[in-house]
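Treat the numbers as computed from the prediction; the structure is a model and nothing was measured. Basis for what follows: all heavy atoms, side chains included, without hydrogens, waters or symmetry-related copies. Quick note: residue numbers are just sequence positions, from 1.
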Amino acid sequence: MKHLHTALWGVLPYLSLAVLVAGTAWRHHYDRFGFTTRSSQLHESRLLRVAGPLFHYGLLFVIAGHVAGLLVPESLTDRLHVGEELYHANALLAGGTAGLATLAGLALLLHRRLRTPVIRAATSRSDRVVYPVLVTVVLAGLTATASGATAASTYDYRLGVSVWFRSLFTLAPDVTAMAEAPLVYRLHALLAMALFALWPFTRLIHAFTAPLGYLVRPYVVYRHRGRGAVGAGRPGR
C-alpha cells in the first residue's frame, strides 16, 4: 500500500504535469491551428449566450478559490485574524456558488451539444472522453466543499491536501498528507490529474490561446476619407 500511495501522490502529479507540458508543445508544433474550440455558434447561439459565460466565469472563480485554498497556509489566515468559521463559511458560499455555476453552465453546454444534431455530429472522440471527466471533477469538488463545511466534519483540508499540494513545489511530496485525506478529496485530485493529462489533446487547449492581448491593445484608429486626405487608401474589406 505504501508503494501505491507513493505512485499516486508522489509520482503521478509530475507525470500528469509532464504530459500537459509535452502534449501542449507537441500540439503547438504539429497542430498550431487546432488551438480552438471549433466554435458552433452559427448552429445555435441562444443557449450558448447563457451557458458559455456561466461556465467560464464560474470556472475562473473556482480556480481562484483553489489557488487561495491550496496555496495560502492556515498560519497566514490566523495572522490575518480570519477565524475557522468565517473561512469555511466563505469557502462554502463562494466556492459552492462558483462550483454550481460551473456545473450549470457545463450541463447547458452538454444539453445544447446533444440536442442539436449538427453539433452532436461534430462531437469528436476527445470530447466524448473529456466531458465525463470534467463533469466528474466538478461534482467531486462540490461534494468535497459541501462535506468539508458541515459541522460534523473533522477534516481540515488545509492541514492535509494543501500541505501535500505545496510540497509538490519543493520536489519532496508529503505523500502521507494526501493518503490520509477522505476519499472524496483523493478522488477529486486523481480526476483533476487525469483532466490535466487529457488537456492538450482536447478542445480545452483553447484556454492557452485566450485573447488576453485585447485587454491592453491600443485602439484601432479609423481615419475618415475626406476630400483633403492625403494618401488615404481604400478601407479594408
Side-chain angles (χ1 to χ4, degrees), residues 8 12-13 15-67 95-146 183-214:
L8 291 178
L12 191 58
L15 287 179
S16 63
L17 178 62
V19 173
L20 173 63
V21 173
T24 301
W26 175 86
R27 183 83 180 266
H28 182 267
H29 183 74
Y30 291 102
D31 187 25
R32 186 175 304 180
F33 295 104
F35 277 48
T36 174
T37 58
R38 298 181 178 89
S39 177
S40 55
Q41 185 176 358
L42 290 175
H43 302 297
E44 200 284 329
S45 60
R46 184 176 60 85
L47 275 177
L48 186 62
R49 283 197 297 267
V50 177
L54 194 62
F55 172 72
H56 288 95
Y57 285 113
L59 188 60
L60 285 176
F61 281 102
V62 166
I63 293 172
H66 277 70
V67 170
T97 302
L100 288 173
T102 304
L103 184 62
L106 183 57
L108 286 174
L109 288 174
L110 290 175
H111 170 70
R112 171 181 176 272
R113 181 162 293 276
L114 291 174
R115 79 157 203 168
T116 309
V118 178
I119 303 177
R120 185 173 64 248
T123 302
S124 64
R125 293 180 180 177
S126 63
D127 293 337
R128 296 188 181 96
V129 173
V130 76
Y131 281 134
V133 175
L134 188 56
V135 170
T136 314
V137 168
V138 176
L139 286 175
L142 281 171
T143 304
T145 299
L183 177 61
V184 66
Y185 289 93
R186 287 178 281 150
L187 180 62
H188 184 53
L190 288 173
L191 288 168
M193 286 188 279
L195 184 64
F196 289 137
L198 290 170
W199 198 290
F201 314 105
T202 66
R203 67 174 56 239
L204 297 178
I205 193 69
H206 81 279
F208 296 136
T209 59
L212 299 180
Y214 279 92

When the side chains of residues 97-110 are checked against the rest of the protein, which donor-acceptor pairs come out under 3.5 Å, sequence neighbours left out?
residue	atom	partner	partner atom	Å
Thr97	OG1	Leu93	O	2.5
Thr102	OG1	Gly58	O	3.2
Thr102	OG1	Leu59	N	3.1
Thr102	OG1	Ala98	O	2.8

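For the pair Ala140 and Val184, the tightest heavy-atom approach, listed with the atom from each and the gap, is O-CG2, 3.6 Å. Smallest separation of non-hydrogen atoms from Arg46 and Arg115: NH2-NH2, 3.5 Å.
Annotation for Tyr131: atom OH counts as buried by contact number, over 12 foreign heavy atoms lying within 6.0 Å. Summarising the local packing, CZ of Phe201 is surrounded by more than 12 heavy atoms from other residues, nucleotides or ligands at distances under 6.0 Å. Counted within 6.0 Å of CZ on Arg128, heavy atoms from surrounding residues, nucleotides or ligands total more than 12; the atom is thus considered enclosed.
To the nearest 0.5 angstrom, Leu20 atom CG is 8.0 Å from Trp199 atom CH2. The line from CD1 of Ile205 to CG of Leu198 is 12.0 Å long, rounded to the nearest 0.5 Å. Distance check: Thr143 OG1 to Tyr185 OH gives 10.0 Å after rounding to the nearest 0.5 Å.
Qualifying ring pair (Phe, Tyr, Trp, His ring centres under 6.0 Å) partners for His56, counting only residues two or more places apart in sequence or in other chains: none. Residues passing the side chain to side chain donor-acceptor pair (under 3.5 Å) test with Thr123 are Arg113, sequence neighbours excluded.
The shortest side-chain heavy-atom distance between Leu204 and Leu195 falls under the 4.5 Å cut-off.
Met193 pairs with exactly one of Leu12, Leu8, Val137 by the side-chain contact (heavy atoms from CB on, under 4.5 Å) rule, that one being Leu12.
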